[in-house]
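Take a look at the structure set out below.
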Amino acid sequence: MASTSRPVRPVRPVGEVRLWAVRQAPPWPEVLVLSLLDARERARAASLTHPRDRSMYLAAHVGLRLLLGERLGVHPRDLRFARDRCAHCGGPNGRPILLIGQEGQGAPGGPYFSLSHCAGVTLIALADVLVGVDVERLPSRRTVELCLARLHPRERAELLRVRRAERPLEFCRLWTRKEAYLKALGTGLSRGLDRDYLGAGGEGRPVGWCVVNLSCGPQERTHAAALAVPRWVRAPAGPDELNWSAYGHVLGGVRSLGD
């Protein structure tokens, strides 16, 4: 496939959110997979010495490019990314954004996207609105105890009422809600974890936002995940599985980096 742009697809409903899970590595030779990435992404992949970490990174970033390329009608290799300004401190470390045009401006009105990967599963969210997604593996009881003091007082009180054996799951579900919300805001963890209440009770949560836990499918007992979108947006109950075979044609016209 040539790297020329495809025709733009029909406009999607405003506020639509799509979510995918990636659980397997791309089924193509790595040299072709790397050819879809930019220099920064290839350097990051090369720095990962553990095969599992490298495979997860490639699956996450190639999956994101394929999905965005399909949505926008452009070749995944031609997408350019940058960081927006942080909504908390104003620094150049905010949410990842797409760049468009010769001057490299952020794409107005999106699509917005969010990516999270952890221990064998990656979640990718695309939306016409601000969006945040997070997936985490259940922590140890020791990790939970160490993190309790950083939480909102109501969240801490709720977790202390949970049986110790069940606390890692409830903590992980809470933590993913917090991270998804902070990603959607564009602040990340630079915003204090004790500032916003994302506990089990609905009352007192951030006004104007819908923050929900998601199904982790086959990893339901070992992981937790969450999605954050504006309140008026309908959140999906869980992700679709990314089907690599649907994108094989993209690799057809891509030459390797050594060609």
Side-chain angles (χ1 to χ4, degrees), residues 1-10 12 17-83 96-100 107 110-127 131 133-137 214-219 222-223 225 236 238-259:
M1 175 179 170
S3 62
T4 55
S5 298
R6 296 180 183 175
V8 176
R9 296 184 172 230
R12 297 170 181 269
V17 179
R18 293 291 309 277
L19 187 65
W20 291 267
V22 185
R23 306 181 201 273
Q24 302 293 332
W28 308 302
E30 187 172 285
V31 66
L32 292 182
V33 171
L34 289 169
S35 70
L36 295 177
L37 304 179
D38 62 25
R40 182 191 60 80
E41 291 168 319
R42 292 194 296 270
R44 173 60 177 157
S47 72
L48 299 172
T49 56
H50 195 289
R52 181 179 298 178
D53 294 339
R54 179 181 174 89
S55 177
M56 180 181 297
Y57 179 86
L58 291 175
H61 288 263
V62 170
L64 175 64
R65 282 180 171 270
L66 290 171
L67 291 166
L68 280 170
E70 179 182 47
R71 186 184 184 104
L72 295 172
V74 302
H75 197 284
R77 183 176 55 190
D78 296 334
L79 296 171
R80 294 183 298 150
F81 300 95
R83 287 277 182 176
I97 57 172
L98 274 172
L99 296 180
I100 61 171
Y112 297 96
F113 60 92
S114 184
L115 179 151
S116 180
H117 51 86
C118 178
V121 59
T122 293
L123 293 181
I124 301 172
L126 303 186
V131 62
V133 70
D134 189 57
V135 59
E136 303 286 346
R137 187 177 179 89
L214 301 166
S215 169
C216 290
Q219 282 121 332
T222 57
H223 291 67
D240 297 321
E241 298 293 322
L242 182 65
N243 179 12
W244 292 115
S245 64
Y247 299 95
H249 64 280
V250 176
L251 280 295
V254 176
R255 294 183 297 177
S256 69
L257 298 175
D259 290 346

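As the structure is a computational prediction, the values presented were derived from the model and not from experiment. Starting from 1, each residue takes its place in the sequence as its number.
For Thr222, the side-chain hydrogen bond (donor to acceptor under 3.5 Å, both in side chains) test picks out no residue, with sequence neighbours left out. Arg23 pairs by the salt bridge (charged side-chain N to carboxylate O under 4.0 Å, His left out) definition with Glu241, not counting sequence neighbours. Scanning for side chain to side chain contact (heavy atoms under 4.5 Å, CB included) contacts around Ala45 gives Leu34, Arg54, Tyr57, Leu58, with sequence neighbours left out. Residues meeting the side-chain hydrogen bond (donor to acceptor under 3.5 Å, both in side chains) test with Ser55, sequence neighbours left out: none. Judged as a salt bridge (charged side-chain N to carboxylate O under 4.0 Å, His left out), and not counting sequence neighbours, Asp53 has no contacts. For Ser245, the side-chain hydrogen bond (donor to acceptor under 3.5 Å, both in side chains) criterion is met by Asn243, not counting sequence neighbours. Contacts of Trp28 classified as ring-ring contact (aromatic ring centres under 6.0 Å, His included), with partners at least two apart in sequence or in another chain: Trp244. By the side chain to side chain contact (heavy atoms under 4.5 Å, CB included) test, Cys118 is found to be paired with Val135, Glu136, Arg137, residues two or more places apart in sequence or in another chain being considered.
Rounded to the nearest 0.5 angstrom, Leu64 CG and Leu126 CG are separated by 7.0 Å. Atom OG of residue Ser35 and atom CD of residue Glu30 lie 11.0 Å apart, to the nearest 0.5 angstrom. Note that CE of Met56 is 10.0 Å distant from NE2 of His50, once rounded to the nearest 0.5 Å. Residue Asp134 holds its CG atom at 4.0 Å from OG of Ser116, rounded to the nearest 0.5 Å.
Heavy-atom minimum distance, Ser114 versus Val131: CB-O, 3.7 Å. Closest of all the heavy-atom pairs between Val33 and Pro26 is CG2-CB, 3.9 Å. Heavy-atom minimum distance, His117 versus Leu115: CD2-CD2, 3.4 Å. Shown here for Pro236 and Leu214, the closest heavy-atom pair between the two residues is O-CD2, 3.4 Å. Heavy-atom minimum distance, Ala59 versus Gln24: CB-O, 3.8 Å.
Counting heavy atoms from C-beta outward, Leu242 and Leu66 have side chains that stay 4.5 Å or more apart. Residues Leu98 and Phe81 form a side-chain contact, since some pair of their non-hydrogen atoms from C-beta on lies under 4.5 Å apart. Between Val133 and Ile124 the shortest side-chain heavy-atom distance does not fall below 4.5 Å.
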message: Walk me through whether Leu36 and His75 qualify under side chain to side chain contact (heavy atoms under 4.5 Å, CB included).
response: CA-CA 9 Å; Leu36 295 177; His75 197 284; 3.7 Å; yes

field: Arg80 vs Asp38, salt bridge (Lys or Arg N to Asp or Glu O under 4.0 Å): CA-CA, chis, key distance, verdict
entry: CA-CA 8 Å; Arg80 294 183 298 150; Asp38 62 25; over 6 Å; no

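Residue Pro76 forms a side chain to side chain contact (heavy atoms under 4.5 Å, CB included) with just one option from His61, Glu70, Arg65, and that option is Arg65.
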